[in-house]
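Reviewing the structure listed below.
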Amino acid sequence: MVKQISIGKFRALQRASHEGVFGVLAIDHLDSLRRAINPDEPRSVPDETMEIIKHQVVFALREHITGTLLDPVYGAAQAVGGGLSKSIGLLVELEKADYNMQPLPQVVEIRPNWSVEKIKRMSADGVKLFYYYDPDDEALCARQDSTIQQVVEKCRQYDIPLYAEPIVINTDGDDKQQKVIQTAKRADELGADILKLEFPADSANVLQWQPACEALTRSLSRPWVLLSAGVTFDTFTQQVEIACKAGACGFIVGRAVWGEACKISNHDERFTWLQSVGVERIRHLANIARRHASNWHSYYEPTPITTTWHIDYQDDRL
């Protein structure tokens, strides 16, 4: 059944996709990016280097993406100020936790002094919330669900789509598919607009890939896109094709495209690598998505538009 969403959310999804398919570049990484740049002494990586690399990645690949996912510290405002094309959707992370922080911060926190309101005020097209989840841990689920519900309500109030990114923990591999599906269904039920999901099968068992993705699609009432989760480009390429054929509406890709560029210390050589290898990779993924991905318009339509629509249009959103 097609769901109705506000005209503001509908417009934002249009800007972050192309003909209903997402091909988004993610470089919202913080501590994990520092480790990629300097594994031995990540804390020694200066802020300027973080900003430069994020800028180079986005601007080298900008002509081949539908949107970019950035952080509020080193990426989002800098990209806009640096001339990010108005034809590229901008998604901004909301959470404080990073992907590889130790010890593992299981309970999600919103970044201090940051909010859905501020993301909307900078004219971004989406809010991303990354969080860990274990459907078998009732206490953790209750705490995470409470935060998600609050963010869902804020996104409704400020009329901006929520891209929920739940990552399953405490899985031994055999139960990964079940846990990914249960976790995705819960985010769906709580009202996230787009589900940014990990591949729902053990990467070692290729025979499970297609049926696992199909089962995931059948379980959801909202669009989902595949995240790269640090896998190699070759592996992600295979996963994108299978996921899109099974119902995904595209992808949001990070290190699988640009990861090796972080090892190149020379500024010009790094940008050259991104313009050659990086561009080739993102174009290849985009071609796969264009051929095989589902269209998010099959999930959403705007609320009825009449000559009086503006009268009832979410007067309480601000």
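Only heavy atoms go into these numbers, but all of them, side chains included; no hydrogens, no water, no symmetry mates. Everything numeric in this text was worked out from a predicted model, so none of it was measured.
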Would you say that [X] contacts [Y] through its side chain, given a criterion of any heavy-atom pair below 4.5 Å between the two side chains?
X: Y133; Y: I167; answer: no
X: R186; Y: P135; answer: no
X: W309; Y: I7; answer: yes
X: Q4; Y: P302; answer: no
X: C155; Y: V152; answer: no
X: L25; Y: T66; answer: no

Check whether any side-chain N or O of [X] sits under 3.5 Å from a backbone N or O of [Y] as a donor-acceptor pair, and report yes or no.
X: Q177; Y: A215; value: no
X: E95; Y: F130; value: yes
X: R270; Y: S265; value: yes
X: W258; Y: A26; value: yes
X: Q238; Y: V206; value: no
X: T308; Y: I311; value: no

N-O pairing of [X] and [Y] below 4.0 Å:
X: D136; Y: K179; value: yes
X: D159; Y: K9; value: no
X: D71; Y: K54; value: yes
X: E165; Y: K128; value: yes
X: K245; Y: E241; value: yes

I'd like to check the side-chain contact (heavy atoms from CB on, under 4.5 Å) partners of [X]; sequence neighbours left out, ordered by chain and number.
X: L207; answer: N205
X: E19; answer: none
X: Q178; answer: Q182

In one Ile/Leu/Val/Met/Phe/Trp/Tyr side-chain cluster, 4.5 Å: [X], [Y]:
X: I52; Y: V57; value: no
X: V24; Y: V21; value: no
X: V168; Y: Y131; value: no
X: L197; Y: V231; value: yes
X: L30; Y: I53; value: yes

Would you compute the distance between atom [atom1] of [X] and atom [atom2] of [Y] and round it to the nearest 0.5 angstrom?
X: T68; Y: R62; atom1: OG1; atom2: CZ; value: 12.0 Å
X: Q208; Y: F199; atom1: CD; atom2: CZ; value: 10.0 Å
X: R35; Y: R43; atom1: CZ; atom2: CZ; value: 9.0 Å
X: S294; Y: F22; atom1: OG; atom2: CZ; value: 12.0 Å
X: Q144; Y: D134; atom1: CD; atom2: CG; value: 10.5 Å
X: H64; Y: R281; atom1: NE2; atom2: CZ; value: 14.5 Å

Exercise for the section: Could you please spell out the steps behind the side-chain contact (heavy atoms from CB on, under 4.5 Å) verdict for V116 and V151? Expected result: CA-CA 7 Å; V116 171; V151 176; 4.3 Å; yes
Practice task
Dump the intermediate steps for side-chain contact (heavy atoms from CB on, under 4.5 Å) on Y163 and L195, then the final yes or no.
Solution key: CA-CA 6 Å; Y163 291 69; L195 305 175; over 6 Å; no
Problem - Pair F10-H297, ring-ring contact (aromatic ring centres under 6.0 Å, His included): steps then yes or no - result: CA-CA 9 Å; F10 195 85; H297 291 92; 5.6 Å; yes
Where [X] and [Y] come nearest, the two heavy atoms and their spacing:
X: L190; Y: I148; value: CD1-CG2, 3.8 Å
X: D175; Y: T171; value: OD1-OG1, 2.5 Å
X: K196; Y: P166; value: O-CD, 3.8 Å
X: C249; Y: N295; value: SG-C, 4.0 Å
X: E93; Y: D28; value: OE1-OD2, 3.3 Å
X: S228; Y: G254; value: OG-N, 3.1 Å

For [X], is the [atom1] atom crowded, meaning more than 12 foreign heavy atoms sit under 6.0 Å from it?
X: E138; atom1: CD; answer: no
X: Q210; atom1: CD; answer: yes
X: R283; atom1: CZ; answer: no
X: R143; atom1: CZ; answer: no

Exercise for the section: Could you pull out all residues at least two apart from R222 that satisfy side-chain hydrogen bond (donor to acceptor under 3.5 Å, both in side chains)? Expected result: D188, Y300
Completion exercise
Sorted by chain and number, sequence neighbours left out, side-chain hydrogen bond (donor to acceptor under 3.5 Å, both in side chains) with S17 holds for W296
Exercise for the section: Could you walk me through whether T217 and W224 pass side-chain hydrogen bond (donor to acceptor under 3.5 Å, both in side chains), step by step? Expected result: CA-CA 8 Å; T217 298; W224 71 281; 2.9 Å; yes
Practice task
Can you sort out the partners of H18 under ring-ring contact (aromatic ring centres under 6.0 Å, His included), two or more places apart, ordered by chain and number?
Solution key: none
Handout entry: Y74 and D47: side chain donor to acceptor below 3.5 Å
Key = yes
Handout entry: Exercise: do Q157 and E153 side chains pair donor with acceptor under 3.5 Å
Key = no
Exercise for the section: Tell me whether the centres of the aromatic rings in H55 and F271 are closer together than 6.0 Å. Expected result: no
Exercise for the section: State which residue, out of K120, K86, R15, fulfils the salt bridge (Lys or Arg N to Asp or Glu O under 4.0 Å) condition with D125. Expected result: R15
Exercise for the section: Please report the C-alpha distance between D193 and Y299 in whole Å, then the side-chain angles of each, then the deciding distance to 0.1 Å, and finally whether the side-chain hydrogen bond (donor to acceptor under 3.5 Å, both in side chains) criterion is met. Expected result: CA-CA 10 Å; D193 299 290; Y299 291 88; over 6 Å; no
Problem - side-chain contact (heavy atoms from CB on, under 4.5 Å) evaluation trace for T147 with I110 - result: CA-CA 9 Å; T147 300; I110 306 304; 4.2 Å; yes
